[in-house]
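Inspection log for the structure reproduced underneath, given as structure tokens.
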Amino acid sequence: MLENQRKPPIKKGIVFFSVFLIIFSCARMGRPPGGPEDTEPPRVESITPAADSTGVALDAEIELVFSEKVRRERAEPLVKLNPEAGRLYFKWDGRAVRVRPEESLRPDITYKVSVEPGLTDLHRVKNNQSFESFFSTGMVFSPGRISGTVQVGDSVVLGARLRAVSQKDTSLVFATESDSSGAYLLPYLPLGSYRVEAFRDLNRNSRFDYTREESADTLVDLDLEPLNIDFTLRLADTTAPLLKSVETPDSLT
């Protein structure tokens, strides 16, 4: 009689142990939560106006569609319009963003839309490549072109800021930067006179600090022939001249 009363607890223990093994086995066999790790950086999937478009309306907006959702607060400072048309305003919709410049586009000007390196997705995967696309408000692209190199002493300069300022309208400014070989390119410029400036933008604010940054500039007339201008940057001399000595040629003069 005592043996029959002891059997049920043993059965309950076996059932509990079996359930524990099943649960533990399932926990070990399942995939990690969240799926496979995201290692693909975000990129620009499409752009409007399309690359190499002509006859774009002066009130046109720009639309960028990315391959995945990106961190908006980090993406907006990377989007540039060149030449500038005032502040850029952004309206997001999932993977897409519409960009409206503060000012109307200018007639017969070729614009560059660029996204600088640093585009980051929601998983903090970063794209270290830049993107650029050109469109024109005229029926053809502007024919002018200026290229060359930038160096300080015997060393080439990476990231030197280049600006071509139209002398007909100094508010029209085309800008670019030198690459790892010190080379730069300013394509699709309207023909005319320009002041071409080169400087090391040490604080990355796109403005020249006369007292701290090496620079060089020149005035040029741009016609149908491409120009090649090589710059050697020098730091401005801000020291005032002082009178060091006075000598007389002889005792009578």
Side-chain angles (χ1 to χ4, degrees), residues 40-72 74-121 125-148 159 161-164 166 172-181 183-192 194 196 206 222 224-228:
E40 187 71 22
R43 57 182 176 80
V44 177
E45 197 169 71
S46 65
I47 183 171
T48 305
D52 302 329
S53 295
T54 58
V56 174
L58 302 185
D59 60 351
E61 293 186 349
I62 300 161
E63 183 179 56
L64 293 163
V65 179
F66 301 103
S67 58
E68 57 182 309
K69 290 183 178 181
V70 298
R71 298 173 67 87
R72 299 176 180 182
R74 295 190 178 185
E76 290 181 4
L78 303 177
V79 179
K80 307 291 183 183
L81 179 66
N82 181 41
E84 294 183 355
R87 180 181 176 183
L88 299 179
Y89 296 91
F90 299 84
K91 185 176 181 180
W92 290 87
D93 182 13
R95 296 185 296 118
V97 60
R98 296 184 70 85
V99 184
R100 177 176 60 84
E102 181 180 19
E103 303 168 4
S104 297
L105 302 178
R106 299 171 185 249
D108 300 316
I109 295 294
T110 301
Y111 286 87
K112 178 176 74 172
V113 181
S114 60
V115 181
E116 297 179 345
L119 192 67
T120 308
D121 67 14
V125 181
K126 183 183 294 186
N127 189 335
N128 294 317
Q129 302 296 318
S130 61
F131 167 86
E132 62 181 33
S133 179
F134 293 87
F135 69 86
S136 176
T137 56
M139 299 313 296
V140 296
F141 276 30
S142 303
R145 174 189 174 103
I146 302 175
S147 61
R161 187 76 172 172
L162 282 298
R163 290 162 36 100
S166 171
L172 181 60
V173 181
F174 297 85
T176 190
E177 292 186 352
S178 60
D179 62 19
S180 58
S181 65
Y184 73 90
L185 173 63
L186 288 163
Y188 308 126
L189 305 180
L191 304 181
Y194 290 89
V196 185
S206 300
L222 181 61
L224 289 175
E225 292 295 324
L227 289 178
N228 185 273

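Quick note: residue numbers are just sequence positions, from 1.
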May I ask you to check whether over 12 heavy atoms, not counting those of Asn228, lie within 6.0 Å of atom CG?
yes
Calculate, to the nearest 0.5 Å, the distance between atoms CG and CZ belonging to Leu186 and Phe174 respectively.
9.0 Å
Spatial distance of atom CZ (Arg95) from atom OG (Ser46) [nearest 0.5 Å]
8.0 Å
Pair Arg145 + Glu225: basic N to acidic O under 4.0 Å
no
Quick check: closest heavy atoms across Arg163 and Val173, and the distance to 0.1 Å?
NH1-CG1, 3.8 Å
If you round to the nearest 0.5 Å, how far is CG of Leu119 from CD of Glu68?
8.5 Å
Quick check on Glu45: does its CD atom have over 12 non-hydrogen neighbours (other residues, nucleotides or ligands) under 6.0 Å away?
yes
Report yes if the side chains of Phe135 and Lys112 come closer than 4.5 Å at any heavy-atom pair, otherwise no.
no
Should Asn127 and Thr120 count as side-chain neighbours, where that means a heavy-atom distance under 4.5 Å?
no
List the atom pairs, donor and acceptor, that lie under 3.5 Å between side-chain atoms in residues 77-85 and the rest of the protein, sequence neighbours left out.
from  : atom 1 : to     : atom 2 : distance (Å)
Lys80 : NZ     : Pro77  : O      : 3.2
Asn82 : OD1    : Ala175 : N      : 3.1
Asn82 : ND2    : Ala175 : O      : 2.8

Show your reasoning for whether side-chain contact (heavy atoms from CB on, under 4.5 Å) applies to Val65 and Val44.
CA-CA 6 Å; Val65 179; Val44 177; over 6 Å; no
Can you confirm whether Asp179 sits close enough to Tyr184 that some side-chain heavy atom of one is under 4.5 Å from a side-chain heavy atom of the other?
no
side-chain contact (heavy atoms from CB on, under 4.5 Å) with Val113: which of Ile47, Thr48, Val99?
Ile47
Interatomic spacing from CZ in Phe141 to CZ in Phe134 - rounded to 0.5 Å:
8.0 Å
Which atoms form the tightest heavy-atom contact between Gly144 and Leu222, and what is the distance?
CA-CD2, 3.7 Å
d(Tyr89 OH, Arg100 CZ) to nearest 0.5 Å is 6.5 Å
In terms of heavy-atom contacts, Val70 and Ala75 come closest through CG2-CB, 4.0 Å
Any non-hydrogen side-chain atom of Ser166 less than 4.5 Å from a side-chain atom of Tyr194?
yes
For Asp108 and Gly138, work out which heavy atoms get closest and say how close.
OD1-CA, 3.4 Å
May I have the step-by-step check of side-chain contact (heavy atoms from CB on, under 4.5 Å) for Glu116 and Phe131, ending in yes or no?
CA-CA 7 Å; Glu116 297 179 345; Phe131 167 86; over 6 Å; no
Working note: Trp92 + Glu76, criterion side-chain contact (heavy atoms from CB on, under 4.5 Å); need CA distance, chi angles, decisive distance, verdict.
CA-CA 10 Å; Trp92 290 87; Glu76 290 181 4; 2.8 Å; yes
Is Arg72 atom CZ crowded by more than 12 heavy atoms from other residues, nucleotides or ligands, each under 6.0 Å away?
yes
Heavy-atom side-chain proximity of Ile109 to Leu172 below 4.5 angstrom:
yes
Separation between OG of Ser67 and CZ of Arg43, rounded to the nearest 0.5 Å
5.0 Å
Within-4.5 Å side-chain heavy-atom neighbours: Val196 and Ile146
yes
Side chains of residues 52-63: which donor-acceptor pairs under 3.5 Å do they make with residues two or more places apart or in other chains?
from  : atom 1 : to    : atom 2 : distance (Å)
Ser53 : OG     : Ala50 : N      : 3.3
Ser53 : OG     : Ala50 : O      : 2.6
Glu61 : OE1    : Arg98 : NE     : 3.0
Glu61 : OE1    : Arg98 : NH2    : 3.3

Whether the side chain of Glu102 engages the backbone of Gly86 through a donor-acceptor N/O pair (distance < 3.5 Å, no angle test) should be reported.
no
